[in-house]
Amino acid sequence: MSSTLTERDHDGVPTTGGDAVVRTRGLTKKFRSGQVAVDGIDLEVPRGAVYGFLGPNGSGKTTTIRMLLGLVQPTSGEALVLGGAMPRSAVAVLPRVGALVEGPAFQPYLTGRRNLDRLDAVDMTADPRTSKARIGAALERVGLSAAAAKPYRNYSLGMKQRLGLAAALLRPRDLLILDEPTNGLDPQGTREVRHLIRELAEDGASVLVSSHLLAEIDQVCTHVGVMSRGKLLVQGERDVVTSGGRQSGERVVITTLRDHVDGARRVLARLAGVDPSSASEAASVEDADHLGDGAVTVTATLGGASLSDVAPALVAADVLVLGIGTDRPSLEDVFVELTGEGFDVAR
Amino acid sequence: MSHAEATAAPDAAEAPTSRTTAAGPEVREASEASEAPTRRRGAFGRLLRSELGLVLGRRRNQLLLALLASVPILLGIVLAIVSDSAYAGQGPGFIDRIGGNGLFLVVTSLFLCTPFLLPLVTSIAAGDAIAGEAGGGTLRYLLTVPVRRGTLLVAKALAAMTFMLVAVALVTAAALLAGGLLFGFDDLTLLSGQTIPLTDGVLRMLGVAGYVAMSLTGLVAVGLFFSTLAEVPVGVMAATVVVAIVSTVLDSLPQLSAIHPFLLTHHWFDFAEFLRFEVSWSLLGQGLALQAAWVAIFGSLAWARFTTADITS
């Protein structure tokens with residue numbers, strides 16, 4: 001099987017370079033109902049990346065992930081995972097891929113440990129002699145050792161999610177595909193999962209993690225891709241995507257008093273190299289009474305100026321400075337900008 | 001089916017013929033992928049043991065088996081109690097002979113269980129095989145472990161077959177035990193009047209049990225195919241039982257005699273051949289061939305469906 005795959009690769013259409021663990025070309029899934037769940041997406045997950053796969057519920061993330069895992073046959077286009085075409089190469093490639101798809105699912109009447117044992121028994125390439133040790137290590141890693149002997153049906157949602165992660169970690173993986181891994185977890189559990197993802201990435205694994213909760217992913221990923229209504233709207237390095245369109249992603253936020261707003265605007269416009277006559281458009285002003293009586297924040301892009309120049313320039317212009325900080329545009333801002341709608345809007 | 005047969009075929013079934021793949025850096029990765037850990041000796045045995053443990057370890061299935069085993073025991077006790085009353089000897093076939101020879105409890109029990117109880121138990125095991133995993137969401141995790149779909153299907157089929165065999169064996173063993181204890185064994189007087197020694201009689205009873213079990217293999221295949229179509233195991237189980245019942249009904253309509261030889265249940269009661277002095281092996285052979293045909297057809301359908309289906313559960 002593998003030799004024919006390689007031959008076909010030689011005869012295939014050359015693609016642009018890059019070291020990608022996941023690459024799709026025009027990947028499309030049209031269900032029999034006529035619904036186009038995934039519409040010609042070109043996904044690219046570079047090796048070593050933590051790729052945040054974002055989009056509201058119903059945007060096609062899960063169907064894409066199912067195609068990457070060989071569960072769903074693409075209608076057209078192709079999907080390469082660790083260099084193997086899916087679903088054809090599933091058996092060759094998937095032992096190196098740990099996956100969590102649409103929430104955990106296990107046999108309810110088996111214990112957590114027995115469930116992992118079962119999954120390991122299904123793996124034709126797993127070494128039965130190391131099974132016990134690997135299962136123990138996976139349970140330990142997700143903090144489930146104490147509950148390993150309890151039946152799955154008695155698990156809380158968070159414990160179920162952890163067992164799903166343990167299953168994905170039963171053997172060393174080059175790629176982890178985690179669909180909504182923080183679903184059902186409390187804030188502490190969410191932090192732990194983020195920590196785990198960072199750890200796995202540091203160990204050299206690439207991670208594709210999907211979520212409909214932007215803030216959760218914002219903190220861990222190096223790359224992002226945003227889906228909406230079956231299409232991939234944007235993808236790339238996180239910082240490039242979030243600064244998309246603007247000269248510089250970084251914005252400076254000044255807290256001052258209302259009387260000093262005009263002065264602050266003039267200084268910021270000068271620093272950013274904007275015509276002072278349009279200073280009022282270059283900076284946005286918001287009331288910030290919670291910071292003090294009459295306080296306002298002035299937000300502006302820095303342009304080419306350095307952040308360290310801002311405070312001296314303001315002081316020199318006799319602008320009262322109550323606070324100074326920077327603001328990175330959030331993924332949510334980017335998403336709203338791209339779709340013109342709230343993130344939680346589903347189809 | 002041997003280990004090699006069970007797992008060699010999925011390659012052919014799952015390999016699309018008209019797909020191209022991009023070249024470039026992936027070429028190196030693809031060859032890396034081909035060096036992925038190779039399958040281990042005995043891996044299929046481990047999978048099968050795991051599946052059997054799952055089927056036989058499940059409380060619901062254990063209850064079903066216990067229920068089946070209780071049929072010959074209850075029947076034996078009832079017959080022992082009424083043996084001196086006016087009811088003695090009344091009832092379905094062979095029942096009048098049990099009092100004289102406990103061996104007949106085997107035939108009578110299988111005779112009573114064949115129309116409904118055994119098909120029900122068989123349908124539950126077969127119908128649950130894939131649909132149960134799909135309904136619980138565990139199918140997607142089994143397949144991404146990964147395991148070839150064909151390999152999983154074969155393991156599931158063998159586990160369902162084994163469960164059915166265990167069910168038939170339990171009824172037989174319980175009937176032998178109860179029959180021996182309550183009525184004692186004797187040389188077997190056949191339907192044709194001749195008497196054969198007890199050891200031959202026991203062998204004949206095992207023949208009956210074996211034939212009943214083989215007669216249910218077609219139903220396992222039907223249930224397995226239905227199981228690949230749906231995600232609600234209870235519905236699949238019900239549909240499978242219905243197939244057996246409808247087949248029995250059709251088999252009882254003389255107007256449909258043209259299709260009778262092809263009906264799943266047509267030869268189910270031919271196990272009575274084992275109680276004749278001259279066993280008609282050709283008739284039993286027809287019954288086995290019919291089951292083989294049903295297994296081949298519905299096994300192929302299950303294979304075709306399961307190896308290509310989109311798993312969206």
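So that the names make sense, note that chain A is the first sequence line, chain B the second, and so on, each numbered from 1.
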Close contacts, residues 46-61 of chain B versus chain A, judged by heavy atoms under 4.5 Å: B:R46, B:L47, B:S50, B:E51, B:L54, B:R58

The reported gap from OG1 in A:T75 to CG in B:D310 (rounded to nearest 0.5 angstrom) is 8.0 Å

Nearest non-hydrogen partners of B:V145 and A:R173, listed with the distance: O-NH1, 4.3 Å

Close approach to chain B in residues 101-110 of chain A, criterion heavy atom under 4.5 Å: A:V101, A:E102, A:G103, A:P104, A:A105, A:F106, A:Q107, A:Y109, A:L110

Which atom pair, heavy atoms only, marks the closest approach of B:P146 to A:A90? CG-O, 3.8 Å

B:I311 side chain reached by A:V72 side chain, heavy atoms, under 4.5 Å: no

Quick one, B:L143 and A:L71 - any side-chain contact, counting heavy atoms below 4.5 Å? yes

A:D123 and B:V147: side-chain contact (heavy atoms from CB on, under 4.5 Å), yes or no, with the steps? CA-CA 6 Å; A:D123 190 342; B:V147 59; over 6 Å; no

Structural part of A:A126 lying under 4.5 Å from a heavy atom of chain B: both

Structural part of B:A309 lying under 4.5 Å from a heavy atom of chain A: backbone

Where B:R148 and A:V91 come nearest, the two heavy atoms and their spacing: CG-CG2, 3.5 Å

Turns out that what part of A:D127 lies under 4.5 Å from chain B's heavy atoms comes down to both

Heavy-atom distance under 4.5 Å to chain B: side chain of A:R118, backbone, both or neither? both

List for me each residue that meets side-chain hydrogen bond (donor to acceptor under 3.5 Å, both in side chains) alongside B:T228, sequence neighbours excluded, and say none if there are none. none

Hey, could you give me the CG/OG1 distance between A:L68 and B:T144, rounded to the nearest 0.5 Å? 12.0 Å

Contacts with chain B made by residues 155-164 of chain A (heavy-atom distance under 4.5 Å), listed by residue number: none

Any side-chain heavy-atom pair from B:R140 and A:R66 closer than 4.5 angstrom? yes

Contact leader toward chain B among A:V97, A:L69, A:T62, A:D120, where contacts are heavy-atom pairs under 4.5 Å: A:D120

